[in-house]
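Before any comments, here is the structure.
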Amino acid sequence: MLGFFLLGFIQLASAQDFAACRDQFYRGSTPELEKTALKRASYPLCFNGFAVLYSGVSYTPLWSAEYLTPQRLKQAKTLNRKNDFHEEERVPDRYRSYLSDYARSGYDRGHMSPNGDMATRAQQHDSFSLANMVPQSPKNNQEVWRNLEEATRALVSKQQKSAYVVTGPAFLSGELKQVGRVLVPTHVYKMVYFPDLGIASAYFAPNNESGEVNVVSVQELEETVGINLVPEMPARIKVKRIMLPLNAQQAGKSIQSWANGTSTGHTKSSDDAGTSYDGYSNHGSAGHSTSHKNSEHSWISAIIDMIKQQLLDLLASLLRGKG
């Protein structure tokens, strides 16, 4: 029973810690899990420069959120990379992913909030926590995802406009692979939102060696993964797809299309990171659908729900043990 209360305190501490990361979310509103199963054994974790909802079921983040500003990315360019992969000690042992899970697995330890976005050594260190990692196919991580991370930074830097970014895995198969006890996602996604421009879309890629990536609307992505990624984003922005670049070199073309009101949607890429675009004209203005008070209520309710679910799961486990 002591363990029951201790876990409750751990969850409460994590919840309080998560509140300190509200600046990483648009209007302070955290993503909302729409599938009950995703809430089990989940841990909200606040890091330097980003926030994570970690799952003790998949042993990966469910999402990793960050607020990218031009100033932050300018400072990030001054830091050289220092690999510092480490286990996340704030997660209890039974739910924690380990370095040994990834050893000789054939999969990379793939950042969700990337090292290249980090402006300080503290942020960089935190980005190497395994709570911010998923098993990624080498080509997906080292080529496709690296290009998309660079493209996202280029959009922020070239426009001098800040963006909210949410990145995470998707588990869309009934039979998932594992490395150690860590589930291997079937897909990975990255949602990019520019509130000042009133535009948003998302990258969605299979976690394999195909080199493929699609650009989808935020609404399409949310329906696929079962997470309301940006609760405060106006619906008219969520339903539209805009042209997102597949690498940093294409960023200028995307920005020009937005300015001309000719941005288009669904994009696919293979090994050559082709630039064929199809879809429809897409532009709009920023807006807010709910008040700041509702936003605050949203993240508080989400944290309370996580705590309640975790405590109920632990109580059921204790009762089964006694039986």
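Because only heavy atoms are used, hydrogens play no part in the values below, and waters and symmetry mates are left out as well, while side chains stay in.
- Put simply, the side chain of Thr167 does not reach to within 4.5 Å of the side chain of Phe50, judged on heavy atoms.
- Proximity of Gln250 to Met243: side-chain heavy atoms (C-beta onward) are nowhere separated by under 4.5 Å.
- Not counting sequence neighbours, the partners of Glu87 by the side chain to side chain contact (heavy atoms under 4.5 Å, CB included) test are Arg96, Tyr98, Leu99, Leu130.
- Here the straight-line distance linking atom CD of Gln159 with atom OG of Ser254 works out to 9.0 Å at 0.5 Å rounding.
- Residue pairs meeting the ring pair (Phe, Tyr, Trp, His ring centres under 6.0 Å) criterion with at least one member in residues 132-164, sequence neighbours excluded: Tyr26-Tyr164, Tyr67-Tyr164.
- In this structure the side chain of His187 reaches within 4.5 angstrom of the side chain of Phe204, judged on heavy atoms.
- Side-chain contact check for Val215 versus Tyr203: some heavy-atom pair is nearer than 4.5 Å.
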How far apart are the C-alpha atoms of Leu33 and Ile227, what are their side-chain angles, what is the distance that settles it, and do they pass the side-chain contact (heavy atoms from CB on, under 4.5 Å) test?
CA-CA 5 Å; Leu33 304 183; Ile227 304 174; 3.8 Å; yes
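- For the residue pair Ser217 / Lys240, no side-chain donor-acceptor distance below 3.5 Å is found, with atom types taken as modelled.
- In terms of hydrophobic clustering, with Ile, Leu, Val, Met, Phe, Trp and Tyr side chains grouped at heavy-atom distances under 4.5 Å, Val91 and Val57 are assigned to different clusters.
- A salt bridge links Asp117 with Arg153: the distance from a Lys NZ or Arg NE/NH1/NH2 to an Asp or Glu carboxylate oxygen falls below 4.0 Å.
- The number of heavy-atom neighbours closer than 6.0 Å to CD of Glu89, taken from other residues, nucleotides and ligands shown, is 12 or below.
- In Arg104, the CZ atom is not crowded: 12 or fewer heavy atoms of neighbouring residues, nucleotides or ligands sit closer than 6.0 Å.
- In this structure the side chain of Pro135 reaches within 4.5 angstrom of the side chain of Thr60, judged on heavy atoms.
- In this structure, Phe171 belongs to a hydrophobic cluster whose other members, linked by side-chain heavy atoms under 4.5 Å apart, are Leu176, Leu183.
- Below 30°, between 30° and 60°, or above 60°: for His111 and Phe128 the angle between ring planes is above 60°, a perpendicular geometry.
- With contacts defined as side-chain heavy-atom distances shorter than 4.5 Å, the pair Phe85/Tyr102 does not qualify.
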